[in-house]
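Have a look at the structure below, then the notes.
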Amino acid sequence: MDHDPPKITFPCEYPIKVLGRAVEAFEPTVITIFRQRAPGFSEKRVVVKPSRNGTFRSITVTIEAQSESQLRLIHEDLMGTGLVSMVI
């Protein structure tokens with residue numbers, strides 16, 4: 001029995017959580033990528049949380065995702081910064 005992942009119907013509201021070290025460049029770098037890759041991006045849809053001991057930070061951004069390729073490009077850009085540990 002094949003279990004394909006559920007198909008996403010685009011466009012849709014899509015939350016993306018980005019985890020990385022709490023360095024000064026982390027948040028502005030992540031925000032810049034979303035500005036470039038997500039038309040209509042709004043900083044009102046951004047939630048930033050520090051880890052308990054402040055070493056890491058998570059940024060959750062909800063965008064209106066347009067396509068699988070858009071999500072793939074955002075993921076590649078984020079991971080390519082060297083500042084991002086994980087994208088969920």
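The shortest side-chain heavy-atom distance between T60 and V46 does not fall under the 4.5 Å cut-off. Put simply, the side chain of P50 does not reach to within 4.5 Å of the side chain of F56, judged on heavy atoms. No side-chain heavy atom of F10 sits less than 4.5 Å from a side-chain heavy atom of Q66. In this structure, E13 and R45 have side chains that are in contact, with non-hydrogen atoms separated by less than 4.5 Å. Contact of the L83 side chain with the R21 side chain is not registered, since no non-hydrogen atoms from C-beta on lie closer than 4.5 Å. The shortest distance between side-chain heavy atoms of E76 and L73 falls below 4.5 Å. Looking only at side-chain heavy atoms (C-beta outward), F34 and I16 come within less than 4.5 Å of each other.
Considering only residues two or more places apart in sequence or on other chains, S69 meets the side-chain contact (heavy atoms from CB on, under 4.5 Å) condition with S67, R72. The side chain to side chain donor-acceptor pair (under 3.5 Å) search around T9 returns none, not counting sequence neighbours.
K17 NZ to M86 CE: the interatomic distance, rounded to the nearest 0.5 Å, is 10.0 Å. The distance from the OG1 atom of T32 to the CD atom of E27 is 10.5 Å, given to the nearest 0.5 Å.
Residues in residues 55-71 take part in no salt bridge (charged side-chain N to carboxylate O under 4.0 Å, His left out) pair, two or more places apart or across chains.
Each of T62, I8, I74, V61 was checked for a side-chain contact (heavy atoms from CB on, under 4.5 Å) with Y14, and the lone residue meeting it is I8. Screening V87, I88, V84, I59 for a side-chain contact (heavy atoms from CB on, under 4.5 Å) with L19, the sole residue that qualifies is I88.
One hydrophobic cluster, built from ILVMFWY side chains closer than 4.5 Å, cannot hold both I31 and V47; they sit in different ones.
Considering every non-hydrogen atom in both A22 and G54, the closest pair reads CB-O, 3.4 Å. Annotation for G20 and S85: closest pair CA-OG, 3.8 Å, computed over non-hydrogen atoms.
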